[in-house]
2 protein chains.
Amino acid sequence: MSEIDKIDRKILSILQGDGRIANVELAERIGLSPTSVGERLKRLQRDGFVEGYGARLNPHRLGLGLLVFVEVLLDKTTPDVFERFAKAVQTAPEVLECHMVAGGFDYLVKARVANMTAYRRFLGETLLALPGVRETRTYAVMEEVKRDAPLPVG
Amino acid sequence: MSEIDKIDRKILSILQGDGRIANVELAERIGLSPTSVGERLKRLQRDGFVEGYGARLNPHRLGLGLLVFVEVLLDKTTPDVFERFAKAVQTAPEVLECHMVAGGFDYLVKARVANMTAYRRFLGETLLALPGVRETRTYAVMEEVKRDAPLPVG
DNA sequence: GAATTGATCCTTATTTTCTAAGGCAAATCT
DNA sequence: AGATTTGCCTTAGAAAATAAGGATCAATTC
């Protein structure tokens, strides 16, 4: 059900870099017929290797010039703080990622906003407004050295 | 040259969620002819709003079960430490993101590896092997609460 | 005020691509 | 050994992308 050979990996690798490549061209690059490659791709999607496709947008071009990471510590007094926090994070459009981590704090939040003013508002009205948030530490990104690199599949 | 109206935003929003949608269907959803939408999209690409397209792969399905964030502090004794670190990070396939931040440390690294064993190797052979790395703090992700949310364009 | 320019959208026709059907051969299972 | 499955192929019909040409409207120019 979920064997994955070298050809599959090559398909995934190419598709990760160019999700809109024509199946015909993909097949040429792989060295198989378009039908075969199409069947493989269908299987890779069915088996959950490919979750979808998306356009890569330029955040700066869209007025989202500030990237921040926020470490969040919660009050672990009530049992449902974690659930409530997780739920609230889902609905906040500024939050691109949120992970529960093991270590010195509880959650690491990655968010994009227009500027510092917008971040202040987000911090005050969204993050700190949540019940159970005890402490936050903000790290503003000065330079994006490596951004959204492809997964190492090949 | 770079005005962006409501229709453009809708195009970007849909395309961010489904990068492989047929232009015909996209046009239907927008309420314009396929040609018009195609022209708009071409412009959005030319003006740098769309940087490309990519398949979204499932990291766990590909054997990359462990997500880690690493805070890195550098020795700021020699002037080229930053450049060398930045360069080395580019070539490491495990590193998905790397940002220079303002605050308690210098770089925040996001990496994906198979498991803790693989992480130990990565830490020792890649990160700590770099000259100028004074200290690292590792945070292993226990739960991915929100993963790669779309940018808020609409 | 009239004409021109430019932007946005449309329809149509051609080319390209996708998809489904059917068949062949090698590997695997009974 | 025979049957089944798997992976690949070719081919043909359906669907989509692309390019050309033209209409409309707003803003600008003369």
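So you know, we letter chains A, B, ... as the sequences are listed, proteins then strands, and number each from 1.
Here C:dA7 presents its C1' atom at 14 Å from CG of B:Asp47, a figure rounded to the nearest Å. Across the protein-nucleic acid pair, B:Asp5 atom CG and C:dA7 atom C1' stand 12 Å apart, rounded to whole Å. Atom pair A:Ile30:CD1 and D:dG7:P shows a separation of 16 Å (rounding to whole Å applied). With rounding to whole Å, A:Leu32 atom CG is found 11 Å from D:dT10 atom P. Atom pair B:Tyr53:OH and D:dA17:P shows a separation of 11 Å (rounding to whole Å applied). Residue B:Leu44 contributes atom CG, which lies 15 Å from atom P of C:dA7 at whole-angstrom precision. Distance, B:Arg43 CZ to C:dT8 P: 6 Å, rounded to whole Å. Between A:Glu28 atom CD and D:dC9 atom C1' there is a gap of 16 Å when expressed in whole angstrom units.
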Walk along nucleotides 15-29 of chain C from 5' to 3' and tag each nucleotide B, S or - by protein heavy-atom contact under 4.0 Å, base first, then sugar-phosphate. --SS-BB--------
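Smallest separation of non-hydrogen atoms from A:Asp148 and B:Glu97: N-CG, 3.7 Å. Of all the heavy atoms in A:Ala111 and A:Phe122, the pair that sits closest is CB-CE2, 4.0 Å.
Taking side-chain N and O atoms only, A:Ser36 has a distance below 4.0 Å to OP1 or OP2 of D:dC9. Distances shown here put a side-chain N or O of B:Arg40 below 4.0 Å from the OP1 or OP2 atom of C:dC9.
By the 4.0 Å N-to-carboxylate-O rule, A:Arg40 lies close enough to A:Asp8 to be salt-bridged with it.
Close placement of the B:Tyr107 and B:Phe85 rings is indicated, their centers lying within 6.0 Å of each other. Aromatic pair B:Phe69/A:His99: ring centres closer than 6.0 Å.
In this structure, B:Lys146 places its NZ atom where more than 12 heavy-atom neighbours from other residues, nucleotides or ligands lie under 6.0 Å away.
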